[in-house]
Trainee: 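One structure coming up, written as C-alpha cells, with questions to follow.
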Amino acid sequence: MIELKGLNKWYGDFHVLRDINLSVRKGERIVICGPSGSGKSTMIRCINHLEEHQEGDIVVNGMPLTQDIKQIEAIRRNVGMVFQHFNLFPHLTVLENCCLAPIWVQKRPRKEAEAEAMQYLERVRIADQAHKFPGQLSGGQQQRVAIARSLCLSPEVMLFDEPTSALDPEMIKEVLDVMVELANEGMTMLCVTHEMGFAKTVADRVIFMDQGQIIEENAPEPFFNNPQSERTQLFLSQILGH
Ligand SMILES: Nc1ncnc2c1ncn2[C@@H]1O[C@H](COP(=O)(O)OP(=O)(O)OP(=O)(O)O)[C@@H](O)[C@H]1O
Ligand SMILES: [Mg+2]
C-alpha cells in the first residue's frame, strides 16, 4: 500500500530524513515514535506530498509520487491525514467542514455528501453536534470531527500525526477509541503517537526514529520488552518511566 525507498530529505543544509525504507501492507497498522525533531512528521508528510523529498521513491497504492500535480492529487485522494491541531475551518459548521472536499473536490451532490458525512459523524459519535461550529466543541470532539472529515473522502490509508497530544487527558481516550475502531475495521494506518497503550494493543509494527533514521522496527511485544538499540532503550525508559 505504501512503499518508501531510499528516501532522503534536506531542509537547506539540514539532512532531516536519511535513507528511509519502509513498506506498509494493506490493512497494516504502524505506530511511529521517537524523540522530538527526529523527523516523524516530516516522513509522514512526505507520503501525501505536504513535504517534498529530494531523493528516493514513494509509491502509494501502486501510484508513484512524482512532481505531476495529477499524480499528487490522485495520491491525496487515497490518503487521509489527521493533525495534532485538528485544522478545522472555524467559520464552518461541523457538517460543512466534513462536506467541503466531497462537494468541491469530488463534485458530489450536496445532499449525498451530507448524508454520508452524517454517517461518519455517527461513527465517531458526534452526529448530535453536526450544526455547531468547531469553537463550540471540546478538543476531543474536534479531533473526532477531523477524523470523520478525512473518512468522508474514503481514503485507503490514514496518517495520524500525534492526534491526541494536544488534548486534555480525559479526552484522549475518546479519540483513541475511534482510532481503535478504525484499526479493527481494517484501515491501513500510520500513526505518529507516544500513546504506548495504543501501540501495544493495535500496532502490527512499531517504528522508532532518531535523527532522521529508522533505528528499529518490530512487533509491539519484542519492541517494548526487548528493544535492541541503546537509543530505543533510552527513549522507552524516558517515556515509560513517568
Ligand atoms: N520547514 C522546516 N524548515 C527547516 N527545518 C525544519 C522544518 N520543519 C521541520 N524542521 C526540522 O526538521 C527536524 C524534524 O522535524 P519533524 O517535525 O519532522 O520532527 P518530529 O519527529 O515530528 O518532532 P516532534 O515530536 O517534535 O513533532 C527538526 O529538527 C525540525 O526543526
Ligand atoms: Mg512531529
Side-chain angles (χ1 to χ4, degrees), residues 2-22 24 29-58 60 65 67 72 75-76 79-88 139-140 142-143 146-147 150 157-169 171-172 175-176 179 188-200 202-203 205-218 220 223-224 227 229-242:
I2 299 176
E3 195 82 52
L4 309 181
K5 272 196 205 140
L7 191 67
N8 280 280
K9 175 174 175 58
W10 288 261
Y11 287 120
D13 290 341
F14 180 59
H15 197 174
V16 58
L17 296 178
R18 299 163 180 259
D19 284 319
I20 300 280
N21 293 294
L22 177 66
V24 183
R29 285 114 359 157
I30 310 278
V31 162
I32 301 157
C33 61
S36 182
S38 57
K40 307 179 297 294
S41 297
T42 306
M43 181 176 82
I44 66 165
R45 290 166 66 90
C46 281
I47 295 172
N48 59 358
H49 206 65
L50 289 176
E51 294 287 350
E52 198 169 334
H53 64 286
Q54 282 86 39
E55 278 180 16
D57 297 316
I58 299 179
V60 180
L65 180 63
Q67 296 298 325
I72 293 169
I75 286 183
R76 287 193 180 150
V79 180
M81 180 139 189
V82 174
F83 303 88
Q84 182 176 14
H85 296 289
F86 333 134
N87 298 10
L88 298 170
Q142 289 186 59
Q143 192 60 299
I147 293 172
S150 279
V157 179
M158 287 285 287
L159 308 176
F160 292 88
D161 192 358
E162 304 209 37
T164 59
S165 55
L167 300 177
D168 291 336
M171 292 169 196
I172 291 175
V175 172
L176 289 177
M179 291 169 65
T188 310
M189 296 165 70
L190 267 78
C191 312
V192 176
T193 181
H194 292 152
E195 291 294 333
M196 292 301 142
F198 175 79
K200 282 178 190 167
V202 168
R205 255 190 296 161
V206 186
I207 288 176
F208 173 69
M209 286 183 73
D210 195 15
Q211 298 179 6
Q213 289 178 303
I214 293 181
I215 301 294
E216 184 160 350
E217 58 175 286
N218 217 333
F223 181 87
F224 289 108
S229 126
E230 264 179 37
R231 281 194 262 177
T232 316
Q233 289 165 10
L234 178 66
F235 175 77
L236 288 177
S237 71
Q238 282 165 346
I239 62 162
L240 300 175
H242 55 82

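For ligands, and for the atoms within them, numbers begin at 1 and follow the listed sequence.
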Trainee: So Phe208 and Phe235, would you call those rings parallel, tilted or perpendicular, with 30° and 60° as cut-offs?
Mentor: tilted
Trainee: Among all protein heavy atoms, pick out the one at the shortest distance from atom 22 (O) of ligand 1; state its residue, atom name and that distance to 0.1 Å.
Mentor: Ser41 OG, 2.8 Å
Trainee: Run the contact test for Gly39 against ligand 1 with a 4.0 Å cut-off on heavy atoms, strictly below, and give the result.
Mentor: yes
Trainee: Around atom 21 (O) of ligand 1, find the nearest protein heavy atom and jot down its residue, atom name and distance.
Mentor: Lys40 NZ, 2.8 Å
Trainee: CG/Leu4 to CD1/Ile44 distance, rounded to the nearest 0.5 angstrom?
Mentor: 11.0 Å
Trainee: Backbone or side chain, does Gln84 get an N/O/S atom under 2.8 Å to the Mg ion (ligand 2)?
Mentor: no
Trainee: Taking only heavy atoms of Pro35, which atoms of ligand 1 are found under 4.0 Å from at least one of them?
Mentor: 21 (O)
Trainee: Determine whether Thr193 and Phe160 satisfy the following criterion, side-chain contact (heavy atoms from CB on, under 4.5 Å), listing intermediate values before the conclusion.
Mentor: CA-CA 8 Å; Thr193 181; Phe160 292 88; over 6 Å; no
Trainee: As a test of the contact definition, would atom 8 (N) of ligand 1 count as having a protein heavy-atom neighbour under 4.0 Å?
Mentor: yes
Trainee: In terms of side-chain heavy atoms, does Glu216 have a donor or acceptor partner in Thr232 at a distance below 3.5 Å?
Mentor: yes
Trainee: Considering only protein heavy atoms, which is closest to atom 1 (N) of ligand 1, and at what distance to one decimal place?
Mentor: Tyr11 CE2, 3.6 Å
Trainee: Any protein heavy atom sitting closer than 4.0 Å to atom 30 (C) of ligand 1?
Mentor: no
Trainee: Looking only at protein heavy atoms, which one is nearest to atom 26 (O) of ligand 1, and how far off is it?
Mentor: Ser36 OG, 2.5 Å
Trainee: To the nearest 0.1 Å, how far is atom 15 (O) of ligand 1 from its closest protein heavy atom, and which atom is that?
Mentor: Thr42 OG1, 3.7 Å
Trainee: Could you check if a side-chain atom of Gln211 sits within less than 4.5 angstrom of a side-chain atom of Arg231, using non-hydrogen atoms only?
Mentor: yes
Trainee: Using the side-chain contact (heavy atoms from CB on, under 4.5 Å) definition, which of the options His53, Glu55, Arg18 pairs with Trp10?
Mentor: Glu55
Trainee: What I want to know is whether Gly37 and ligand 1 share at least one N or O pair that is separated by under 3.5 angstrom.
Mentor: yes
Trainee: Heavy-atom distance under 4.5 Å between the side chains of Leu159 and Ile47, does that happen here?
Mentor: yes
Trainee: N/O of His194 under 3.5 Å from N/O of ligand 1, yes or no?
Mentor: no
Trainee: Checking Gln84 side chain against Pro163 main chain: does a donor-acceptor pair fall under 3.5 Å?
Mentor: no
Trainee: Specify side chain, backbone, both or neither for Val16, according to which of its non-hydrogen atoms lie closer than 4.0 Å to ligand 1.
Mentor: side chain
Trainee: Run the contact test for Glu162 against ligand 1 with a 4.0 Å cut-off on heavy atoms, strictly below, and give the result.
Mentor: yes
Trainee: Tell me, do Ile30 and Leu190 make a side-chain contact under 4.5 Å, heavy atoms counted?
Mentor: yes
